[in-house]
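A quick write-up on the structure given underneath.
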Amino acid sequence: MNQYLISGGQPLQGRISVGGSKNASLPLLAACLLGEGEGECILHNIPQLSDVKNMVQILESLGAKTYSDGHTITIDAKSLTGISISEDSMRQMRASNLFLGPLLARLGEARIPLPGGCRIGSRPMDQHLKGLEALGVDIQESHGYIEAKAACMRGADIYFDVPSVGATENLMMAAVAAEGTTILRNAAREPEIVDLQNMLNTMGAQIVGAGTSTIRVMGGKRLGGTSYTVVSDRIEAGTHMLAAVMTQGDLEIDNVVPEHMSPVIAKTKQCGADVSVKGSSVRVRHTGQIKPLEVKTMSYPGFPTDMQPQFMALMTLAEGTSVMTETIFENRFQHVDELRRMGAKIVIEGRSAIISGVKKLEGAFVEASDLRAGAALFLAALAAEEASVLRNIEYIFRGYENLEEKYVAVGAKVQRMI
Ligand code: EPZ
């Protein structure tokens with residue numbers, strides 16, 4: 001397993017640029033399967049991540065032709081040859097389930113493994129399946145696989161019990177091919193869903209309401225190609241903001257969409273940092289103290305669960321006691337034990353973590369258990385004044401392009417060790 005040797009205590013100073021959003025890129029890549037008409041799908045600002053590579057491999061396994069050039073990927077999905085997603089793909093990446101909707105829309109059939117739970121929770125697909133059945137899809141589960149068939153799908157009025165990001169995305173993509181109008185109620189409102197609506201509409205779809213709880217899809221459409229630029233990654237941007245605070249540094253973060261980051265900007269200010277927004281740049285400066293916080297993760301536009309581990313790392317250094325409550329996933333505190341190894345004082349009570357701030361973190365051997373836990377430990381190691389070794393950094397490559405290069409360029413001492 002790859003690992004980082006991190007010598008902490010260096011204030012990060014300078015400019016960092018944010019890449020395209022992982023959580024927008026993955027559904028947009030799946031949506032390219034819908035491009036059966038004229039032209040190819042050309043996606044720009046796609047981050048070079050292992051999850052993106054996996055999605056492209058799945059597209060190719062289904063018969064699509066792809067061409068990657070830096071941050072631009074061209075996909076020609078006119079002739080598809082398969083309907084199945086492999087067990088390996090699903091085990092490696094839950095977002096493989098985002099091919100369910102597009103395959104049903106294109107071929108009327110899909111076979112995908114039931115997603116195993118993962119480190120941060122059971123993550124069922126009941127909302128995906130309930131919505132697809134409402135469109136007239138026949139869903140059978142056997143031998144750990146979901147077999148979905150639909151001779152023809154008809155629009156429906158669907159209510160999500162949970163504002164699931166993936167279920168909203170899968171149903172948007174399936175509904176494009178359903179006869180009539182589909183209404184998605186209690187839909188997820190993330191900016192990545194707005195990106196998906198915008199791209200599908202450039203391909204010939206007719207969707208309105210993304211970003212609100214009610215999305216309307218006028219179906220029966222045959223989509224063509226597009227040229228589309230992926231939105232900036234709000235979670236990468238938030239991670240860099242905390243890097244500035246935790247290393248007592250001063251970072252100018254470029255290519256940010258501030259309106260996608262209100263809770264993160266508000267909480268970063270609340271902990272005492274100096275945060276100034278100018279256009280698509282956010283400057284974050286440590287001001288000598290870190291105040292304790294009370295944070296509760298919620299669906300967008302609430303505080304994002306994908307920033308929970310990183311803020312917990314920040315709170316380990318606050319002057320006082322903080323509380324972090326995780327309401328989205330039932331098991332997203334895997335990073336707590338590793339932060340404790342660095343001297344953090346954290347007690348878990350149900351879905352809340354009570355964090356008593358310490359003056360400084362100690363260097364230690366720590367292990368990433370998932371993507372955002374890895375990011376949190378990376379930040380903690382940069383803040384500690386001694387050396388740390390962070391293992392299982394493959395998790396970080398899933399969601400952050402060139403994190404070590406970006407941070408070394410602004411003063412961090414990080415070495416990759418095989
Ligand atoms: C997306 O995952 C993101 N991934 C996650 O980011 C993010 O944490 C999550 O949304 C929540 O914001 C991508 O966009 C690729 P959900 P997704 O369906 O779609 C429950 C990262 O670090 N649920 O919104 O899988 C589920 O168990 C990753 O970048 C059901 O009960 O999340 C969870 O508790 C991690 N039934 C909650 O909803 C369902 O059918 C939110 O899940 C579906 C979900």
Side-chain angles (χ1 to χ4, degrees), residues 17-35 40-62 64-77 85 89-90 92-102 164-170 172-173 188 190-203 205 210-211 223 225-240 255-257 260-261 280 300 304 306-307 370-372 374-375 394-403 406:
S17 181
V18 175
S21 163
K22 167 183 85 81
N23 290 348
S25 299
L26 304 187
L28 294 186
L29 285 162
C32 291
L33 274 191
L34 296 169
E40 297 163 322
C41 290
I42 305 170
L43 302 187
H44 302 283
N45 196 34
I46 293 267
Q48 293 176 336
L49 304 170
S50 50
D51 274 10
V52 166
K53 225 174 265 157
N54 289 335
M55 289 298 271
V56 172
Q57 280 165 359
I58 295 172
L59 281 165
E60 289 174 346
S61 74
L62 297 169
K65 294 184 187 60
T66 76
Y67 172 71
S68 298
D69 173 17
H71 294 106
T72 296
I73 298 184
T74 302
I75 293 129
D76 177 347
I85 303 296
S89 303
M90 187 61 86
Q92 242 185 348
M93 184 180 63
R94 173 186 169 83
S96 311
N97 68 8
L98 292 171
F99 286 101
L100 185 54
S164 156
V165 172
T168 301
E169 292 165 342
N170 250 330
M172 283 166 75
M173 295 187 278
E190 273 70 2
E192 293 78 34
I193 289 173
V194 177
D195 227 26
L196 178 60
Q197 169 184 279
N198 293 345
M199 186 183 94
L200 287 170
N201 287 345
T202 64
M203 295 169 72
L223 305 193
T226 182
S227 173
Y228 191 80
T229 299
V230 171
V231 72
S232 158
D233 194 316
R234 59 193 168 97
I235 306 300
E236 181 195 347
T239 305
H240 299 333
N255 295 338
V256 170
V257 181
H260 292 167
M261 302 186 59
S280 62
Y300 193 90
D306 293 346
M307 282 299 301
D370 60 77
L371 164 57
R372 305 302 174 185
E394 283 77 10
Y395 283 113
I396 294 182
F397 305 152
R398 294 190 57 174
Y400 293 92
E401 181 182 341
N402 293 340
L403 192 61
K406 288 187 179 181

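Checking each of Leu59, Leu28, Ile42, Val52 against Ile73 for a side-chain contact (heavy atoms from CB on, under 4.5 Å) leaves exactly one that passes, namely Val52.
The two residues Ser25 and Pro47 come nearest to each other via the heavy atoms OG-CD, 3.1 Å. Heavy-atom minimum distance, Asn23 versus Glu169: O-OE2, 4.2 Å. Minimum heavy-atom separation, Leu26 to Ala95: CD1-CB, 3.8 Å. Pairing each heavy atom of Gly374 with each of Ile396, the nearest pair is O-CD1, 3.6 Å. When all heavy atoms are compared, the tightest approach of Ser232 to Val257 is CB-CG2, 4.2 Å. When all heavy atoms of Pro191 and Arg234 are compared, the pair lying nearest together is CD-NE, 3.7 Å.
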Requested in this report: Please step through salt bridge (Lys or Arg N to Asp or Glu O under 4.0 Å) for the pair Glu192 and Lys22, ending with a clear verdict.
Outcome: CA-CA 9 Å; Glu192 293 78 34; Lys22 167 183 85 81; over 6 Å; no
Query raised in the report: Would Met173 and Leu33 count as a side chain to side chain contact (heavy atoms under 4.5 Å, CB included) if you check the C-alpha gap in whole Å, the side-chain angles of each, and the deciding distance to 0.1 Å?
Result: CA-CA 10 Å; Met173 295 187 278; Leu33 274 191; over 6 Å; no
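For Asn198, the side chain to side chain contact (heavy atoms under 4.5 Å, CB included) test picks out Val194, Tyr228, with sequence neighbours left out. Residues forming a side chain to side chain contact (heavy atoms under 4.5 Å, CB included) with Gln197 (at least two apart in sequence, or on another chain): Met172, Asn201, Ile207, Ala210. For Asp306, the salt bridge (Lys or Arg N to Asp or Glu O under 4.0 Å) partners two or more places apart in sequence, or in a different chain, are Arg332. Contacts of Glu236 classified as salt bridge (Lys or Arg N to Asp or Glu O under 4.0 Å), with partners at least two apart in sequence or in another chain: Lys406. With sequence neighbours left out, Ser227 forms a side-chain hydrogen bond (donor to acceptor under 3.5 Å, both in side chains) with His44. In this view, Lys53 satisfies the side chain to side chain contact (heavy atoms under 4.5 Å, CB included) rule with no residue, not counting sequence neighbours. Remark: Gln48 pairs with no residue by the side-chain hydrogen bond (donor to acceptor under 3.5 Å, both in side chains) rule, at least two apart or across chains. In terms of the salt bridge (Lys or Arg N to Asp or Glu O under 4.0 Å) criterion, Arg372 has no residue partners (sequence neighbours excluded). Under the rule for a salt bridge (Lys or Arg N to Asp or Glu O under 4.0 Å), the partners of Asp76 that lie at least two apart in sequence or sit in another chain are Lys78. In this structure His240 satisfies the ring-ring contact (aromatic ring centres under 6.0 Å, His included) test together with Tyr407, sequence neighbours excluded. Gln57 meets the side chain to side chain contact (heavy atoms under 4.5 Å, CB included) test with Asn54; sequence neighbours excluded. Remark: Thr66 pairs with Glu60 by the side-chain hydrogen bond (donor to acceptor under 3.5 Å, both in side chains) rule, at least two apart or across chains.
With hydrogens and angles ignored, the 3.5 Å screen pairs a side-chain donor or acceptor of Asn170 with a backbone N or O of Asn97. A donor-acceptor pair under 3.5 Å is formed between the side chain of Asn45 and the backbone N or O of Val230.
Note that the NZ atom of Lys65 and the CD1 atom of Ile75 stand 13.0 Å from one another [nearest 0.5 Å]. One distance of note links CG of Asn255 with OG of Ser17; it measures 3.5 Å at 0.5 Å rounding. For the atom pair Leu223 CG and Thr202 OG1, the distance stands at 9.0 Å (nearest 0.5 Å). Put simply, CG on Leu371 and CZ on Arg398 are 7.0 Å apart, with the number rounded to the nearest 0.5 Å. Interatomic distance, Cys32 SG to Met203 CE, rounded to the nearest 0.5 Å: 5.5 Å. For the atom pair CD1 of Ile85 and CD1 of Ile58, the computed distance is 5.0 Å after rounding to the nearest 0.5 Å.
When side chains are defined from C-beta on, Gln92 does not count as touching Asp51, because their heavy atoms never get closer than 4.5 Å. Using a 4.5 Å heavy-atom cutoff, the side chains of Ile235 and Pro304 are in contact. When side chains are defined from C-beta on, Met199 counts as touching Leu43, because their heavy atoms get closer than 4.5 Å.
Under 3.5 Å, the side chains of Ser96 and Ser89 contain no donor-acceptor pair of N or O atoms.
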